[in-house]
Amino acid sequence: MEAAIFGASCRLSRAGTVVVRSPPERSHRQLSAQMTVAVARSESGGGGNRLFVFGTGFVGRFVSDRFISQGWHVSGTCTSAPMKTELEKIGMEAFVFDAVSDQLRSLHTLQRATHLLVSIPPIVGIGDPLLCLHGELQAAIGDGNLQWLGYLSSTSVYGDCGGAWVDEDYPPDPETESAKSRLAAEKGWLDLGHELGVTVNVFRLGGIYGPGRSALDTIIKGQSLSEAQKKRESRLFTARVHVADVYQAIKASMEILSSGRIYNVVDDDPAPRQEVFAFAQSLLEERWAGTVCKLDNNDMKPHKSPSGCEKRVSNARLKKELGVSLLYPVYRLGLRNILESWDSVPKEP
């Protein structure tokens with residue numbers, strides 16, 4: 001099976017992996033023009049920075065809030081009216097948008113965006129819903145305003161590497177349909193960038209945690225782990241990253257002119273999930289002994305069948321090329337920071 005994704009030829013091999021022929025490199029003329037525009041805007045004071053975020057979930061909202069605090073105009077999409085109201089409270093211009101059924105012309109701020117962050121995941125059987133809107137995308141962002149494009153992907157594209165350390169040059173071998181869709185979407189956005197002469201950075205994120213979304217929150221809320229989470233409990237290694245460090249990676253890539261790269265955005269410690277939850281439990285017991293429920297012992301038992309997908313993901317390129325110094329290089333620091341922000345045991349809304 002073969003399909004064209006914005007000029008990148010993709011096919012499904014007999015082994016079930018996605019094979020993508022990379023698009024041609026951008027011309028020197030395109031890169032030169034882009035750098036000239038970026039430098040001119042930088043010298044003008046940067047007051048014209050306008051970020052558009054497709055998909056303001058956990059990461060999208062966090063990133064938007066940080067850029068708004070720096071004086072950027074930020075707009076983006078969400079999936080419900082209540083969420084639109086919440087985003088407007090932080091100063092964001094939000095649109096309720098369904099990437100499968102709605103049209104881009106309803107997003108009137110998209111055309112004026114200087115920076116575009118894509119945080120909408122692909123859909124199995126459909127692919128990336130935004131990339132399906134090829135003509136509309138070109139019309140909306142192809143007028144020369146756009147300087148930077150970032151796509152949030154996942155370390156799941158590497159598949160099972162037998163516990164080896166993997167960097168961005170390691171050949172992806174996704175196992176699940178969702179991971180295969182991720183890899184195809186990466187190539188599609190990189191291809192679109194080549195077409196438009198816009199820098200595209202792909203961020204392969206580990207499991208994301210942060211305030212309101214962590215092992216601490218799971219325990220406090222008394223939530224049972226899902227079957228998928230229980231299956232991941234059997235892994236020896238798990239890539240993760242604090243949402244604040246995802247923001248750091250995005251911001252750093254905007255400040256460094258480059259031809260576009262893929263970056264693993266993970267912390268330094270691919271510790272197993274069981275270890276993380278045990279540490280979170282110990283933190284809670286240390287601070288509020290006897291007042292916090294414990295995670296069900298059945299939740300802490302490894303799944304009967306191994307989950308595979310064993311790998312240790314390297315963040316060396318992130319540090320070397322973007323100069324990122326992680327705020328939370330290990331999960332212990334991240335969880336302690338979250339706990340210290342709580343004055344009392346959080347209650348469910």
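Throughout, numbering of the chain's residues begins at 1 and tracks the sequence.
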Report task. Specify whether Phe67 and Tyr247 have parallel, tilted or perpendicular ring planes, treating 30° as the upper limit for parallel and 60° as the lower limit for perpendicular. Result -> perpendicular

Query raised in the report: Judged by atom type as modelled, is there a donor-acceptor pair below 3.5 Å linking the side chain of Asp217 to the main-chain atoms of Arg213?
Result: yes

Report task. May I ask you to say whether Glu275 pairs ionically with Arg332, meaning some side-chain N is under 4.0 Å from a carboxylate O? Result -> yes

Query raised in the report: Taking the six-membered ring for Trp, are the ring centroids of Phe279 and Phe277 within less than 6.0 Å of each other?
Result: no

Query raised in the report: Does Arg287 CZ have over 12 foreign heavy atoms under 6.0 Å away?
Result: yes

Query - Asp128 bridged to Arg182 by N-O distance under 4.0 Å - result: no

**Report entry** From Arg204, Arg317, Lys319, residue fulfilling side-chain contact (heavy atoms from CB on, under 4.5 Å) relative to Tyr263
**Finding:** Arg317

Query raised in the report: Are any non-hydrogen side-chain atoms of Trp189 and Leu137 less than 4.5 angstrom apart?
Result: yes

Report task. Using the six-membered ring wherever Trp is involved, compare the ring planes of Tyr209 and His242 and label them parallel, tilted or perpendicular (cut-offs 30° and 60°). Result -> perpendicular

Requested in this report: Using side-chain contact (heavy atoms from CB on, under 4.5 Å) as the criterion, point out the one residue from Asn201, Val202, Leu322 that pairs with Arg261.
Outcome: Asn201

Query raised in the report: When you look at Phe54 and Leu117, which way does the side chain to side chain contact (heavy atoms under 4.5 Å, CB included) test go after all the steps?
Result: CA-CA 6 Å; Phe54 272 115; Leu117 180 65; over 6 Å; no

Query raised in the report: What is the ring orientation for Trp342 with Trp288, classed by angle as parallel under 30°, tilted 30 to 60°, or perpendicular over 60°?
Result: parallel

Query raised in the report: So, does Glu310 use its side chain to make a donor-acceptor pair with the main chain of Phe237 at under 3.5 Å?
Result: yes

Query - Working for side chain to side chain contact (heavy atoms under 4.5 Å, CB included), residues Arg66 and Lys251 - result: CA-CA 10 Å; Arg66 293 304 181 274; Lys251 185 70 162 58; over 6 Å; no

Query raised in the report: Is it true that Arg312 and Asp269 have a side-chain N and a carboxylate O under 4.0 angstrom from each other?
Result: no

Query raised in the report: Are any of the side-chain nitrogens in Arg336 or Glu340 under 4.0 Å away from the carboxylate oxygens of its partner?
Result: no

Query - Beyond-backbone contact of Met254 with Leu51, side-chain heavy atoms, under 4.5 angstrom - result: yes

Requested in this report: Walk me through it: do Asp267 and Arg240 pass the test side chain to side chain contact (heavy atoms under 4.5 Å, CB included)?
Outcome: CA-CA 6 Å; Asp267 69 15; Arg240 64 182 54 80; 3.4 Å; yes

Requested in this report: Evaluate side chain to side chain contact (heavy atoms under 4.5 Å, CB included) for Val124 paired with Thr176, printing each intermediate quantity in order.
Outcome: CA-CA 10 Å; Val124 174; Thr176 66; over 6 Å; no

Requested in this report: Output yes when a side-chain donor or acceptor of Thr218 lies under 3.5 Å from a complementary backbone atom of Ser214, and no otherwise.
Outcome: yes

Requested in this report: Determine the minimum heavy-atom distance between Leu110 and Leu116, stating which atoms define it.
Outcome: CD1-CD1, 4.1 Å

